[in-house]
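Below: the structure, in structure tokens.
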Amino acid sequence: EAGKIADSLGYRAYVVGGFVRDLLLGQKNLDVDLVIEGDGPIFARRLAETFSGRVSVHEKFKTAVITLPSGFKIDVATARWEYYAYPAALPTVELSSLKLDLFRRDFTINTLAIKLNPGEFGQLVDFFGGLRDLKDGVIRVLHSLSFVEDPTRIFRAVRFSARYGFRIGRHTLDLLKGALKLNLVDRLSGRRLLNELRHILSERDPLPAIRQMAELDLLRFIHPDLKLTEEGEGLIKETEASLSWYRLQFGEENLKIWMVYLLSLFDRLDQKRFATALARLEIPEKKIRTLLEERGRLFRALEHFKKTHSISKSAIYRSLEGLSSEMLLYGLAKARDQASKQAITLFLRELRKVRPAITGQDLKKLGIPEGPIYKKILETVRDARLDGLVQNKEEELQLVH
Ligand code: CTP
């Protein structure tokens, strides 16, 4: 359909980048990127109309995002002929605007395009040898300034290489190391660095990429003391295990998986360095304070669980109350002894949902004057309920009496 619309407007339409790469690799990819030789926004509006989708247009950059009723998203970019007006001496036939658009990209495996116009539908366009690199399993840049132009590509190279088990080409690796020598990563904003890290830690299995970051000595850009030890690798594996357990129990449930891995990756940093690393990533100060406070509490809880023989449910509750699921799952991965692991799983599965059956209203009816005492009473009742001392509302009311 996209091809027909392009034809009717006198444009050419291509699907490009990650979608084509993953299509050829037989992997799932739900992000469709289109490049239009013509006017992207005009095309996007037509396409959205045809599929009753919504469209949001960025007229200045001639880009658009179409959201179909199913939630499926299509990115549309423009490669304009007139934009790339080249001197007559250059072989302009060769320099199609699509080629120039693709030349700006990171790696050859991301430069493949497929034509969508009906006459040529399905034709693969491969200007830079992407197909061969895809077959050989090589990550290769298009030109020697690639990492200098955009140092986030250093992390992207690691991510793609780890994800697909590809190697980084020799020349590309030299260029990458050259960029590292120049400390170009230091110039990346925290926001961009975090974005790359988040992508890496959101991979299905982030360990290979983390290992590769450590091998290339990339972790120092997050914090000079950040290292990956053998013990650290163990913790990442434990993190994976605790996340699988959580998924089985609760499904995805808008858990920030990357955050659990980040906490594990930062495990060996003391609180001060932990805060410095988060600040480098431009995590907002308020969020850093929360994470510090929760992390401190988690560490104390783990110490407490390790030392205490048979701990009551109410004591577990009080130790872990209010900690985010991410922090708890990091704690579950970090806990060595069975008792601590059991305490955290029990809290996640059952305890954290427990509330007393009585409410403030009931206390009011009993004639108790309102005030901070209410919180105290309700907490005591909750503890009693957790420890099985009361089991229903009547028993709770009796306890209050
Ligand atoms: N790109 C780039 N340089 C960057 C980021 C992106 O050249 N720093 C290009 C890549 O060629 C990529 C395209 O922009 O194909 C889209 O980027 P993105 O959606 O991040 O990448 P995908 O290849 O789709 O990767 P993923 O599978 O992780 O979504």
Side-chain angles (χ1 to χ4, degrees), residues 13-36 40 44 58 61-67 71-79 97-114 124-131 133-134 137-166 168-169 172 175-176 179-180 184-185 187-206 208-210 212-213 218 221 257-258 261:
Y14 306 85
V15 55
V16 301
F19 184 85
V20 180
R21 177 196 69 218
D22 288 340
L23 184 73
L24 292 168
L25 288 171
Q27 302 215 6
K28 207 166 131 186
N29 187 326
L30 298 176
D31 296 327
V32 176
D33 286 301
L34 300 182
V35 170
I36 306 302
H58 213 305
F61 297 111
K62 289 277 179 200
T63 59
V65 182
I66 304 166
T67 312
F72 197 82
K73 277 203 171 88
I74 303 171
D75 275 297
V76 178
T78 302
S97 56
L98 174 71
K99 186 171 181 180
L100 282 162
D101 182 280
L102 295 173
F103 187 62
R104 285 184 284 125
R105 290 170 188 251
D106 49 3
F107 309 116
T108 58
I109 58 164
N110 289 333
T111 60
L112 292 161
I114 293 175
L124 185 72
V125 182
D126 179 11
F127 290 117
F128 307 105
L131 191 60
D133 288 341
L134 207 53
V138 189
I139 309 289
R140 204 194 299 278
V141 288
L142 301 178
H143 57 84
S144 35
L145 288 179
S146 196
F147 292 119
V148 178
E149 261 169 24
D150 182 354
T152 64
R153 289 175 174 169
I154 294 168
F155 294 89
R156 292 176 62 87
V158 167
R159 176 155 60 94
F160 290 127
S161 127
R163 183 196 292 170
Y164 301 118
F166 286 10
I168 299 175
T172 298
L175 293 170
L176 189 153
L180 291 182
L184 293 178
V185 177
R187 280 194 236 154
L188 281 180
S189 69
R191 197 181 54 83
R192 295 190 73 201
L193 187 54
L194 174 62
N195 190 41
E196 290 311 316
L197 197 57
R198 204 168 35 205
H199 272 112
I200 285 175
L201 300 181
S202 303
E203 289 287 316
R204 191 181 298 275
D205 171 17
I210 295 175
Q212 213 175 347
M213 279 202 287
L218 290 177
F221 295 111
I257 290 172
W258 65 269
Y261 280 116

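Counting starts at 1 for both ligands and their atoms, following the listed order. Nothing fancy with the numbering, it's 1 onward along the sequence.
Considering backbone and side-chain N/O atoms, Asp33 never comes within less than 3.5 Å of an N/O atom of ligand 1. Considering backbone and side-chain atoms together, Asp22 places no N or O closer than 3.5 Å to any N or O of ligand 1.
In the model, Asn110 has a side-chain atom that pairs as donor or acceptor with a side-chain atom of Arg21 under 3.5 Å. Checked by atom type, the side-chain pair Arg140/Thr172 shows no donor-acceptor distance below 3.5 Å.
Counting only non-hydrogen atoms, the option in Thr152, Ile154, Asp31, Thr108 that gets closest to atom 29 (O) of ligand 1 is Asp31.
The closest protein non-hydrogen atom to atom 26 (P) of ligand 1 is Arg163 NH2, 3.8 Å. Atom 3 (N) of ligand 1 has as its closest protein heavy atom Arg153 NE, 3.2 Å. Among all protein heavy atoms, the one lying closest to atom 12 (C) of ligand 1 is Arg156 NH2, 3.5 Å.
Remark: side-chain polar atoms of Thr78 are not paired, donor with acceptor, to backbone N or O of Thr63 under 3.5 angstrom. Judged purely by atom type and a 3.5 angstrom limit, Thr108 has no side-chain atom pairing as donor or acceptor with the backbone of Gly130. Side chain of Asp126 to main chain of Leu131: a donor-acceptor pair is present (N/O by atom type, distance under 3.5 Å, no hydrogens or angles). No side-chain donor-acceptor contact under 3.5 Å links Thr67 to the backbone of Lys73.
Using a 4.5 Å heavy-atom cutoff, the side chains of Leu25 and Tyr164 are in contact.
The residue His199 has no part lying near ligand 1, judged by heavy-atom distances below 4.0 Å. If you look at Gln27 next to ligand 1, there are no close heavy atoms at all, none under 4.0 Å.
Distance check for atom 23 (O) of ligand 1: a protein heavy atom is found below 4.0 Å.
At least one heavy atom of Arg159 sits closer than 4.0 Å to an atom of ligand 1. Within the structure, ligand 1 has Phe160 among the residues with a heavy atom less than 4.0 angstrom away.
Proximity of the aromatic rings of Phe103 and Phe128 is defined here by a centroid distance below 6.0 angstrom, and this criterion is met.
Counting the atoms of ligand 1 from 1 in the order shown, those under 4.0 Å from a heavy atom of Gly18 are 15 (O), 23 (O), 24 (O). The contact set between ligand 1 and Asp150, taken as ligand atoms under 4.0 Å from a residue heavy atom, comprises 3 (N), 4 (C), 8 (N).
Heavy atoms only, all atoms of each residue included: Trp258 and Leu194 are closest at CZ3-CD1, 4.1 Å.
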